[in-house]
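Values below: all heavy atoms of this structure, side chains included; hydrogens, waters and symmetry mates excluded. Throughout, a chain's letter reflects where its sequence line sits, starting with A, and its residues are numbered from 1.
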Amino acid sequence: MIDLKLVRDDPDRVRASQRLRGADESMVDALLSADDARRSAVARADSLRAEQKTIGREVAQAAAHDRPAVLHRAKALADEVKAAEGEQSHADAALRAAHMGIANIVEEGVPPGGEADFVTLATVGTPPIVAHPKDHTEIGAALKAIDTDRGAKVSGARFYFLTGIGAQLEFALVNLAMQQAAAAGFIPVIAPALVKPEIMEGTGFLGAHSAEVYRLADDDLYLVGTSEVALAGYHSNEIIDAAELPLRYAGFSSCFRREAGSYGKDTRGIIRVHWFDKVEMFSYVPADDAAEEHQRLLAWEREFMDKLELAYRVIDVAAGDLGTSAARKFDIEAWFPSQQAYRELTSTSNCTTFQARRLNIRTRGAHGNEPVATLNGTLCAIARTIACLLDHHQQPDGSVYVPAALRPLLDGREVLSAP
RNA sequence: GGAGGGCUCGCAUAGUGGCCUAGUGCGGCGGUCUUGAAAACCGCUGUUGGGUGAUCCCCAACCGUGGGUUCGAAUCCCACGCCCUCCGCCA
């Protein structure tokens, strides 16, 4: 949810944000009129309720012979109150619907345009030159690290088994990520992969991208696409002591994505899959500190990329390509020699107070309780990172170079070769 | 899955239809006293929405959630959720 006060005070800014996203500007006016309608409905119901209280006391105190007359008036009033309350709840629902329909306000400086209109903020490292690059699927099969055939046999397309060194690589990456996060002051968390509807909605995943989410109809639960969902829900309906901020969590969980609408995209290998594990950073900070925290998350992501000795670039994602909750998003794309392209490995979003409003997460500030800002950033999406490591660090002899930081977690191995 | 017990303001508790405009204790905050502290005493104490964006003031709502009965519900009725205890099943 965006700040209603801001919509009232500066509707043009909200309209401009909608326009940047390629969304409908008129929704801003719909929101404003829903807000007005709700206010007058509330005022009317409030005053009727006050009247009802007064008359209730009269009923209790009335002498026996006055009682029928007073009761008659009270009954008539009760009907009015009921009607007014009905209108109020209708207006509440209408406001909520209008409010939920508007995406977060785009941060100043975000490039305009769509998916192709990102701005490259930094390019780091030199893409390795590989004479006849194999892709990670081929390398993974040779190393007996990735088995997509049996993944398909057992679970269908976009599923995989990690075996042998592949499985060990996952544990090594998770440990490396968690060690870095803990050293930076993050609280390590193992988060649930199933969440309630209100948590899923609060994080903004049931809006434009709801087709992307798995739902268990029998239990009315959703499978998370990222532990961001559970980590955002963690403090829902809480007031966080200002002294505890910033609060930083590093969550590990499985992630599930339906990949609806991505038919034919990355069908080979484990770059785009229905299930993978991920270590995710999540920060709760005072609203004023959000933009700076966003830079910190990006720096931690870059630190991890550097440890993996990958060549990558950092991009500022254009407004039209932002998720519902994000005010700004930076992606890190690493080089895949077999594709001769940079592909997304991590993504960090500043959700400002958007998620916190929906999930009712506040802190005591100078003007009473105020929503906090929430931010998330990938530290390591395991499957895709393994794909990149194999591709990026492949050697002419078919082995794979192991970055120095990973060696202690892989029994000191400097290369991976076929067993 | 089955059987019981519970859910009230940060915590603990009182409250079985209208003097509940939710009391009391603890904790917390402020003050008096004190060289300082403790004790004692005094005062304050949650959340949401609205009243011309206002830390004061006024109004309304909130007693797990959602419905219902009633002129009126923390209190009565129904459904659901969660927690606890036991039984069954189980990694």
Applying a 4.0 Å non-hydrogen cut-off, can you work out what A:Arg44 is touching in the nucleic acid: base, sugar-phosphate, or nothing? nothing
Nearest-0.5 Å distance that lies between atom CZ in A:Arg38 and atom OG in A:Ser33: 14.0 Å
Quickly work out the A:Asn369 CG to B:rC62 P distance and round it to whole Å. 20 Å
B:rG18: pairing nucleotide in any strand, Watson-Crick or G-U under 3.5 angstrom: B:rC71
Please report, rounded to the nearest Å, how far the C1' atom of B:rU70 is from the CD atom of A:Gln52. 10 Å
If you measure from NZ on A:Lys329 to CD on A:Glu107, what distance do you get to the nearest 0.5 Å? 14.0 Å
Length of the line joining A:Glu244:CD and B:rG10:P, which is rounded to integer Å: 16 Å
How long is the line joining NZ of A:Lys75 and P of B:rU70, in whole Å? 9 Å
Rounded to the nearest Å, what distance is computed from the NZ atom of residue A:Lys53 to the P atom of nucleotide B:rC58? 13 Å
Nearest 0.5 angstrom please: A:Leu173 CG to A:Phe304 CZ, how far? 5.5 Å
Salt bridge or not for A:Asp220 and A:Lys196, using N-O below 4.0 Å? no
Does B:rG72 have its OP1 or OP2 closer than 4.0 Å to a side-chain nitrogen or oxygen of A:Arg73? no
Does the structure show a Watson-Crick or G-U wobble partner for B:rU85, both distances under 3.5 Å? Name it, or say none. B:rA3
In the strands shown, is B:rC62 matched to any nucleotide by a Watson-Crick or G-U wobble pair with both distances under 3.5 Å, and which? B:rG46
If the cut-off is 4.0 Å, is A:Arg57 near the phosphate of B:rC71, judged by side-chain N/O to OP1 or OP2? no
Students often get this wrong, so: under 4.0 angstrom with heavy atoms, is A:Ile239 touching a base, only sugar-phosphate, or nothing? sugar-phosphate
With a 3.5 Å cut-off and just heavy-atom distances, do the side chain of A:Asp46 and the base of B:rG49 make a donor-acceptor pair? yes
